[in-house]
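Only one structure is covered here, and it is reproduced in the block below.
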Amino acid sequence: MGKQPYMPFYGGDYIKDTRKLPLAVRGAWVDLLLFMWDEEVRGEIIGTISEFAGMLSCTIEEAEFALNLLKQKKVCAYEDLSNGQIKIISRRMNRDTELSKKRSVSGLKGVAAKNLIQQKEEFAEAKPQ
């Protein structure tokens with residue numbers, strides 16, 4: 001996925017998903033969203049609990065607390081992977097990324113069709129010498 005100069009932020013989703021979380025966990029979620037935005041697979045981030053603690057500039061215990069609460073409150077999709085790694089997924093960011101890919105493919109098809117029509121018109125207007 002190409003780089004975009006901005007990240008859409010859905011305030012309504014954020015409020016709905018995080019209102020009952022402690023301030024520190026809400027801040028952790030925003031930081032995780034920002035990290036996920038720059039990942040190769042947009043909307044997903046994989047790491048160990050100590051790597052997440054490093055990303056969030058907090059202790060391992062604080063990171064565990066935040067990730068467990070985000071999982072418990074279903075703010076994100078959460079997968080325990082092998083060798084102690086965890087995958088955190090922003091469902092909204094994943095949906096938006098998939099929609100963007102579909103729109104890109106559709107747009108390319110539209111451009112190709114338009115170019116084909118223009119070519120046919122140019123050939124139809126050509127006069128034999």
Side-chain angles (χ1 to χ4, degrees):
M1 185 105 216
K3 291 286 182 187
Q4 288 184 310
Y6 67 92
M7 182 182 107
F9 184 78
Y10 299 94
D13 285 353
Y14 175 77
I15 295 292
K16 181 182 66 149
D17 290 344
T18 64
R19 235 1 48 190
K20 299 209 176 182
L21 297 174
L23 179 62
V25 178
R26 291 195 309 262
W29 180 235
V30 171
D31 279 3
L32 290 171
L33 288 171
L34 294 171
F35 281 114
M36 285 186 252
W37 182 255
D38 284 332
E39 285 296 308
E40 189 173 320
V41 177
R42 184 166 288 155
E44 298 181 7
I45 193 163
I46 297 172
T48 62
I49 195 66
S50 60
E51 290 170 332
F52 280 109
M55 281 183 244
L56 299 172
S57 301
C58 65
T59 66
I60 289 174
E61 292 76 22
E62 290 170 322
E64 284 176 334
F65 176 77
L67 294 178
N68 285 331
L69 204 50
L70 290 169
K71 174 185 173 183
Q72 178 187 351
K73 298 294 184 178
K74 296 182 169 78
V75 173
C76 60
Y78 182 106
E79 295 178 30
D80 283 311
L81 305 175
S82 60
N83 62 349
Q85 292 194 315
I86 301 164
K87 181 193 265 188
I88 304 294
I89 302 167
S90 166
R91 291 181 291 267
R92 165 68 99 152
M93 209 177 287
N94 266 5
R95 275 193 315 268
D96 287 353
T97 299
E98 288 305 312
L99 181 59
S100 179
K101 287 177 186 176
K102 288 177 184 176
R103 286 178 175 163
S104 177
V105 168
S106 180
L108 290 173
K109 287 179 183 176
V111 168
K114 183 178 178 181
N115 288 340
L116 185 61
I117 290 169
Q118 284 177 340
Q119 266 185 342
K120 286 181 181 179
E121 288 173 357
E122 288 172 6
F123 286 129
E125 292 174 6
K127 296 180 181 172
Q129 292 184 3

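When reading the values below, keep in mind they use all heavy atoms of this one structure, side chains included, and skip hydrogens, waters and symmetry mates.
- Annotation: side chain of Asp13 is not in contact with side chain of Arg91 (no heavy-atom distance under 4.5 Å).
- No side-chain heavy atom of Asp31 sits less than 4.5 Å from a side-chain heavy atom of Ser57.
- If you chain together hydrophobic residues whose side chains sit under 4.5 Å apart, Ile15 and Met93 fall into the same group.
- Without hydrogens or angle criteria, Thr18 side chain to Leu21 main chain gives no donor-acceptor distance under 3.5 Å.
- If you take SG on Cys76 and NZ on Lys87, they are separated by 12.5 Å, rounding to the nearest 0.5 Å.
- Here the closest heavy-atom approach between residue Ala63 and residue Ile49 is recorded as C-CD1, 3.9 Å.
- At least one side-chain heavy atom of Arg19 sits less than 4.5 Å from a side-chain heavy atom of Arg26.
- Between Leu33 and Met7, some side-chain heavy-atom pair lies under the 4.5 Å cut-off.
- The CE atom of Met36 lies 9.0 Å from the CG atom of Asn94; values are rounded to the nearest 0.5 Å.
- Side-chain atoms of Asp17 and Arg92, non-hydrogen and from C-beta on, never get closer than 4.5 Å to each other.
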For this session: Check step by step if side chain to side chain contact (heavy atoms under 4.5 Å, CB included) holds for Ile86 and Thr48.
Result: CA-CA 6 Å; Ile86 301 164; Thr48 62; over 6 Å; no
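- Both Ile88 and Phe9 are part of a single hydrophobic cluster, where members link through side-chain heavy atoms under 4.5 Å apart.
- Clustering ILVMFWY residues whenever any of their side-chain heavy atoms sit less than 4.5 angstrom apart, transitively, puts Leu81 in a cluster other than the one holding Ile89.
- Leu32 contributes atom CG, which lies 6.5 Å from atom CD1 of Ile45 (distance to the nearest 0.5 angstrom).
- Two residues are said to be in side-chain contact when any heavy atoms from C-beta on lie closer than 4.5 Å; Trp37 and Ser90 fail this criterion.
- The hydrophobic clustering, which links ILVMFWY residues whose side-chain heavy atoms are closer than 4.5 Å, places Ile60 and Tyr78 together.
- Considering only heavy atoms from C-beta on, Val25 stays 4.5 Å or farther from Val75 through its side chain.
- Under the 4.5 Å side-chain heavy-atom criterion for grouping Ile, Leu, Val, Met, Phe, Trp and Tyr, Val30 is connected to Phe52 within one hydrophobic cluster.
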